[in-house]
Trainee: 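One structure, as C-alpha cells, below. Some questions next.
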2 protein chains.
Amino acid sequence: MISDDQNADGSDPASPRSQDDMVPTLEDVARRAGVSTATVSRCLNTPERVVSDTRKRVMKVVQELGYAPNFGARALAARRTNTFGAIIPTMENAIFARGLQAFQEELGLNGITLLVASSSYSPELEEAQISALIARGADALLLIGHDRTRQSYALLDRRNIPYVVAWVFDPEMPRLSIGFDNRKAMQGLAAQVLAEGHRRIGFISAERTGNDRARDRYKGVCDAMRAAGLDPDADLQLIETEYGIGKGAQAFEKLMAATPRPTVVMCGNDVLAAGALSQARRMGIAVPGEVSITGFDDVEIAELVSPALTTVHVPHREMGRGAARLLLALRAGEGTRESVELPVEIRLRETLGPAPGTA
Amino acid sequence: MISDDQNADGSDPASPRSQDDMVPTLEDVARRAGVSTATVSRCLNTPERVVSDTRKRVMKVVQELGYAPNFGARALAARRTNTFGAIIPTMENAIFARGLQAFQEELGLNGITLLVASSSYSPELEEAQISALIARGADALLLIGHDRTRQSYALLDRRNIPYVVAWVFDPEMPRLSIGFDNRKAMQGLAAQVLAEGHRRIGFISAERTGNDRARDRYKGVCDAMRAAGLDPDADLQLIETEYGIGKGAQAFEKLMAATPRPTVVMCGNDVLAAGALSQARRMGIAVPGEVSITGFDDVEIAELVSPALTTVHVPHREMGRGAARLLLALRAGEGTRESVELPVEIRLRETLGPAPGTA
DNA sequence: TGCGTCAATGCAAGCGCTTACATGCACCTG
DNA sequence: CAGGTGCATGTAAGCGCTTGCATTGACGCA
C-alpha cells in the first residue's frame with residue numbers, strides 16, 4: 001500500500017525528527033520558556049512591554065535554540081518588512097556601488113535592510129525586478145533614472161509604493177528625484193571645451209536607449225555647441241558603445257580614424273574616458289597636445305590616470321544618503337515631495353587643453 | 001459598543017475598500033476568474049496542470065489586477081524561496097562586484113533571486129547579516145573567506161543551510177570553498193620579486209583581522225622570503241591600512257620615509273597599489289627605476305595605470321559562476337563536496353623591475 | 001447503459017508569526 | 001474589605017499562499 005506510512009501509530013504528529021534538522025519556531029521557544037508565543041513575540045519586538053524576569057528567560061532560550069524569526073511569516077502577519085529595495089543598472093559600475101553603499105549605511109542606521117537587484121540596463125528586466133522586490137515586501141524603492149516601462153510605473157502606483165528616482169534631476173519630470181541635471185552638467189563641461197577653441201568634437205556615449213542619463217549628457221553637448229553657433233549634426237561625431245574600458249578604447253580608435261580628426265573626445269563617463277586615454281597612449285597620440293579627452297562622474301580612476309582626467313564631479317555619497325532620507329520620510333508619511341538637485345562641479349585637470357593650432 | 005462594526009448588514013466581508021489601496025490577493029484573482037485559489041496558484045506555479053482555457057482566463061485577471069504573489073506568504077506555505085544570499089565585505093571593491101555579477105547571472109539562469117548584503121569587514125555585522133538572510137529564507141549562501149564568528153558557523157550548521165566559501169582556497173580548511181590559494185599566489189609573486197634582486201621589501205596590507213585573504217597574502221610574502229634565506233622580521237616592512245587609493249598613497253609615503261628605503265613595495269591589492277603608484281609619481285620617484293610596485297587581483301585599473309601594474313590575475317567571473325553551480329548542486333542534494341581551486345596567473349607588467357644597483 | 005479511470009478543479013489545513021482583545025492578578029482607594 | 005485600576009500575559013484569529021486529498025464529470029470500454 002502506498003499510504004500506510006501515515007502515523008497511525010499514535011506517535012506525535014508534530015515534530016517529524018525533533019531537534020535534528022527542525023528549525024526552531026516561536027512556539028518552540030515559547031514552550032521551552034514556559035510562556036505563550038505572544039510573550040516571546042513581544043520580547044523580540046517590544047521588549048519594554050515584558051517584565052525583565054520573563055524577558056531574560058525567553059532570551060536565554062532564544063539563544064540556546066538559535067532561534068531566528070521567519071521573515072516571511074513576520075511580514076505576513078505584521079504587514080511591513082523594514083526592507084527597502086534598490087535597482088541599479090549594474091553592480092560593476094563604481095558610481096552606483098558608491099552611492100548604494102551610502103544609501104545602505106543610512107538605511108542601516110534606521111534599522112532597515114536593503115535588497116539590491118540589478119537590471120543590466122534592460123527596462124523589461126527592471127520591471128521584473130520591481131515586481132520581485134514588491135512581492136518581497138519592499139516598503140520603498142530606489143530607482144535610477146526616469147526611463148522605464150509604463151507598466152513599471154503603473155505597478156508602483158497601484159501598490160502605492162514610495163520610490164525615488166536617483167542619479168538624475170530633470171526639472172521637467174514630475175517624479176520625486178534626487179540627483180543632478182545631467183544635461184546642464186555636460187553642457188557646462190562642453191562650454192569649457194569650446195572655450196578652449198575646439199570645434200570638431202568626438203563624443204563617446206553610453207548606449208542611450210533606456211538610459212536618460214546618457215541621453216541627457218549627449219543633449220548637453222549639443223546644447224553647448226548650438227549656443228556656440230556650431231551644428232551638432234555636422235561638427236559632432238558620435239559613437240555609442242557599451243560600458244567598459246576596452247569599449248572606450250575601441251571607440252577612441254575609431255574616432256581617430258576619421259578625417260578630419262576631432263580635436264577633443266568627450267566621453268559619457270570616466271570609464272570610457274579612461275579607455276580612450278589608454279588607447280591614445282597606445283597610439284602615441286599626445287593628450288592633451290594632439291587630442292583632449294574629458295570624462296564624467298569623477299570616479300577614483302579619474303585622478304589616478306595620467307594625465308589626470310578632466311571630468312565632472314558628482315556627489316555620489318550625498319545622493320545615496322539623501323535618497324535614503326527621502327524614502328524614510330516618505331514612508332513615515334512626511335510629505336517630502338520636493339525633488340533635490342545636487343550640485344556638480346567641473347574638475348579641470350590635465351586632459352583638456354587648447355585645440356591644436358589655437359595657441 | 002465597541003464591536004458593533006461587525007458586518008451584520010450582509011455586506012461582503014472581504015474587501016474593505018475594494019480596488020483602492022488594496023493589494024490584490026490570490027483570492028481576489030480567484031473570485032474574479034470564477035475559480036478556486038488552488039487553481040490560480042497552480043496557474044502560477046505548475047501551469048501544465050491546468051487546462052489551457054482556465055489558465056488563459058486566470059492569467060487575464062492576473063494581468064488586469066496587476067497581481068503579484070506575496071513572497072512571504074509563498075515562502076511560508078511552500079517552505080522554499082528560490083532565493084540565495086551573498087554576503088560580501090563591501091560593494092565598493094570591484095573584485096567582489098564582478099564576481100558577484102557572474103554569480104547572479106548564473107543564478108538568474110536558474111530562476112533564483114539573489115539577495116546581497118555587505119558586512120563592512122565586520123564579523124559581528126556579518127553574523128547579523130547571515131541571520132537576516134536565513135530569516136529571509138535564503139536557500140543557500142555565498143560567503144567570502146573563512147574568517148567569521150563561531151556563532152555564524154553554528155547558525156549555518158544548525159539550520160543546515162548550504163553555503164560555499166569563495167575567494168579562497170585553503171587546503172587545510174574543511175569547508176567547501178571555491179577560489180585560489182592566496183598564500184601560494186602571493187608567494188609566487190614574491191618569489192619573482194626576489195628573483196629581481198630585491199631584498200628590502202615594503203608591504204602594504206589590507207587590515208588582517210577578520211580577513212584571512214589579507215593574512216594569507218602577507219604570509220605568502222614571508223614564505224617566499226624565508227625560502228630565499230631572508231628574515232621577514234628584519235627585511236620586511238609592513239603597513240596595514242584600510243581599503244582605498246588614498247590609503248595606499250599614504251602608506252607608500254610612509255614607507256618611502258624609512259631608511260633604508262625598501263626597493264620594492266608589494267601591495268595586498270591593486271587599489272592600494274594604484275594609490276602607491278600615484279603617490280610615487282607625485283613624489284617624483286621612478287617606478288620601477290627606483291622602486292618597484294606590485295598589486296594583487298588584476299582589476300581593470302591594473303592595466304590602465306602607467307606604468308602598468310605587475311599583479312596577480314584572479315578569475316573573478318569563473319569564481320562567481322562556479323560558486324553558483326556549487327550551491328545549486330548542493331541544494332539539489334548532489335553531493336558536490338569537493339572544494340575547487342582556481343588557477344591564478346602572475347601578470348608581469350611594468351611596475352616590477354630589478355632592484356636598483358642589481359644590474 | 002453502467003462502471004472504472006483519470007484529468008481538472010475545489011476544499012481546507014496549515015506554514016510561523018503579530019496583535020486585538022480577554023484574562024488574571026497585585027495593588028490601591030474609599 | 002469590596003471594587004476599581006492597570007500591568008503582564010495568554011488566547012486565538014488571521015496574514016496570503018501551497019498542496020494533499022476529495023470531488024466532479026467526461027470519456028472509454030465491456
Side-chain angles (χ1 to χ4, degrees), chain A residues 1-7 13-16 22-31 33-58 62 65 67-82 134-137 159, chain B residues 1-7 13-16 22-31 33-58 62 65 67-82 134-137 159:
Chain A
M1 271 178 152
I2 295 173
S3 57
D4 67 350
D5 60 86
Q6 65 183 50
N7 67 325
S15 51
M22 269 300 70
V23 172
T25 70
L26 236 213
E27 196 177 340
D28 296 332
V29 177
R31 191 169 24 235
V35 298
S36 74
T37 60
T39 299
V40 179
S41 175
R42 280 190 280 260
C43 281
L44 265 23
N45 299 304
T46 49
E48 73 280 4
R49 305 206 40 197
V50 175
V51 89
S52 155
D53 236 29
T54 317
R55 197 189 327 144
K56 274 187 206 137
R57 186 153 38 96
V58 169
V62 166
L65 258 39
Y67 169 78
N70 176 310
F71 178 79
R74 174 177 272 190
L76 195 54
R79 291 99 166 297
R80 62 183 153 54
T81 60
N82 285 332
I134 290 181
R136 285 196 143 70
R159 304 295 276 261
Chain B
M1 269 175 151
I2 294 173
S3 57
D4 68 350
D5 61 315
Q6 65 183 50
N7 65 322
S15 51
M22 270 298 69
V23 173
T25 70
L26 236 212
E27 196 175 341
D28 296 332
V29 176
R31 190 168 27 235
V35 297
S36 74
T37 59
T39 299
V40 179
S41 174
R42 280 191 280 260
C43 280
L44 266 22
N45 298 306
T46 50
E48 73 281 3
R49 304 204 42 197
V50 176
V51 88
S52 156
D53 237 28
T54 317
R55 197 190 328 144
K56 275 188 206 134
R57 186 154 37 96
V58 170
V62 166
L65 260 39
Y67 169 79
N70 176 308
F71 179 80
R74 176 177 269 190
L76 194 55
R79 288 93 164 298
R80 63 185 151 53
T81 60
N82 286 332
I134 290 180
R136 283 198 144 70
R159 304 294 277 258

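Within every chain, numbering begins at 1; the chains are lettered A, B, ... in the order of the sequence lines, protein sequences first and strands thereafter.
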Trainee: Ignoring hydrogens, what is the shortest heavy-atom contact between B:Tyr67 and B:Leu26? Give both atom names and the distance.
Mentor: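 It is CE1-N, 3.4 Å.
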
Trainee: If you find the nucleotide of DNA chain C closest to B:Arg57 and the one closest to B:Ala77, which residue's nucleotide is nearer the 5' end?
Mentor: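 Residue closer to the 5' terminus by nearest nucleotide: B:Arg57.
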
Trainee: A:Arg42 has an atom CZ; how far is it from atom P of D:dG10, in whole Å?
Mentor: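 So the CZ-P distance, A:Arg42 to D:dG10, works out to 8 Å.
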
Trainee: Taking only side-chain N and O atoms of A:Thr37, does any of them lie within less than 4.0 angstrom of OP1 or OP2 on D:dG10?
Mentor: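 False: A:Thr37 side-chain N/O out of range (4.0 Å or more) of D:dG10 OP1/OP2.
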
Trainee: If I take atom CG in residue B:Asp53 and atom P in nucleotide D:dA26, what distance separates them, rounded to the nearest angstrom?
Mentor: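 So the two atoms are 15 Å apart, to the nearest Å.
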
Trainee: Polar atom pairs between nucleotides 22-24 of chain D and protein, under 3.5 Å, N or O only, would you list them?
Mentor:
none

Trainee: With a non-hydrogen cut-off below 4.0 angstrom, is A:Tyr67 in contact with a base, only sugar-phosphate, or nothing?
Mentor: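 Counting heavy atoms under 4.0 Å across all strands, the contact made by A:Tyr67 is with sugar-phosphate only.
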
Trainee: Which nucleotide sits closest to the side chain of A:Ser41: C:dT18, C:dG16, D:dT9?
Mentor: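 In terms of side-chain proximity for A:Ser41, the closest of C:dT18, C:dG16, D:dT9 is C:dT18.
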
Trainee: Take the protein atom CZ of B:Arg74 and the nucleotide atom C1' of C:dG16, then report the distance between them rounded to whole Å.
Mentor: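 It works out to 18 Å between those atoms.
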
Trainee: Counting any heavy atom closer than 4.0 Å, what does A:Ala38 reach on the DNA or RNA strands: base, sugar-phosphate only, or nothing?
Mentor: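 The residue A:Ala38 makes base contact.
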
Trainee: What is the separation between atom CZ on B:Arg79 and atom C1' on D:dT18, rounded to the nearest whole Å?
Mentor: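 In whole Å, D:dT18 C1' and B:Arg79 CZ are 10 Å from each other.
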
Trainee: Could you state the atom-to-atom distance from CZ of A:Phe71 to P of D:dC17 in whole Å?
Mentor: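 Nearest whole value for this atom pair: 15 Å.
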
Trainee: Can you check whether B:Ala33's main-chain N or O pairs, donor with acceptor, with B:Arg57's side chain at less than 3.5 Å?
Mentor: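 Present.
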
Trainee: How many angstroms lie between atom CG of B:Leu76 and atom CZ of B:Phe71, to the nearest 0.5 angstrom?
Mentor: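 Between atom CG of B:Leu76 and atom CZ of B:Phe71 there are 11.0 Å.
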
Trainee: Among D:dT9, C:dT18, C:dC17, find the nucleotide with the atom closest to the side chain of A:Thr25.
Mentor: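 Nearest listed nucleotide: C:dC17.
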
Trainee: Taking CG from A:Asn45 and C1' from C:dC17, how many angstroms apart are they, rounded to a whole number?
Mentor: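 The answer, rounded to whole Å, is 9 Å.
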
Trainee: Can you tell me how far apart CZ (A:Arg55) and CG (A:Leu44) are? Round to the nearest 0.5 Å.
Mentor: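 That separation rounds to 11.5 Å.
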
Trainee: Would you say B:Ser36 reaches C:dC11's phosphate, i.e. side-chain N/O to OP1/OP2 under 4.0 Å?
Mentor: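 For B:Ser36, the contact criterion (side-chain N or O under 4.0 Å from OP1 or OP2 of C:dC11) is not met.
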
Trainee: Please name the pair of heavy atoms, one in A:Val50 and one in A:Thr39, separated by the smallest distance, quoted to 0.1 Å.
Mentor: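 Residues A:Val50 and A:Thr39, closest heavy atoms: CG2-O, 4.2 Å.
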
Trainee: Can you measure B:Glu27 atom CD to C:dG10 atom C1' for me and round it to whole angstrom units?
Mentor: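 About 13 Å, once rounded to whole Å.
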
Trainee: Taking C-beta and beyond as the side chain, do B:Asn70 and B:Thr25 meet within less than 4.5 Å on heavy atoms?
Mentor: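 No; the side chains remain at least 4.5 Å from each other.
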
Trainee: Would B:Asn45 and B:Arg74 count as a side-chain contact (heavy atoms from CB on, under 4.5 Å) if you check the C-alpha gap in whole Å, the side-chain angles of each, and the deciding distance to 0.1 Å?
Mentor: CA-CA 11 Å; B:Asn45 298 306; B:Arg74 176 177 269 190; 3.3 Å; yes

Trainee: Within the structure shown, what part of the strands sits under 4.0 Å from B:Thr39 by heavy-atom distance: base, sugar-phosphate, or nothing?
Mentor: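 Counting heavy atoms under 4.0 Å across all strands, the contact made by B:Thr39 is with sugar-phosphate only.
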
Trainee: How close do B:Thr81 and B:Gly137 get, counting heavy atoms only, and between which atoms?
Mentor: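 Between these two residues, the closest heavy atoms are OG1-O, 2.5 Å.
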
Trainee: Starting at atom CZ of B:Arg55, determine the distance to atom C1' of C:dA7, rounded to an integer number of angstrom.
Mentor: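 After rounding, the reported distance stands at 14 Å.
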
Trainee: Taking only the side-chain heavy atoms of B:Pro69 (C-beta and beyond), determine which of C:dT9, C:dC17, D:dC17 contains the nearest atom.
Mentor: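 My answer, after comparing the listed nucleotides, is D:dC17.
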
Trainee: Please pick, from D:dT18, C:dC15, C:dC17, the nucleotide with the shortest atom-to-atom distance to any side-chain atom of A:Asn70.
Mentor: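 Nearest to the side-chain atoms of A:Asn70, counting from C-beta on, is C:dC17.
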
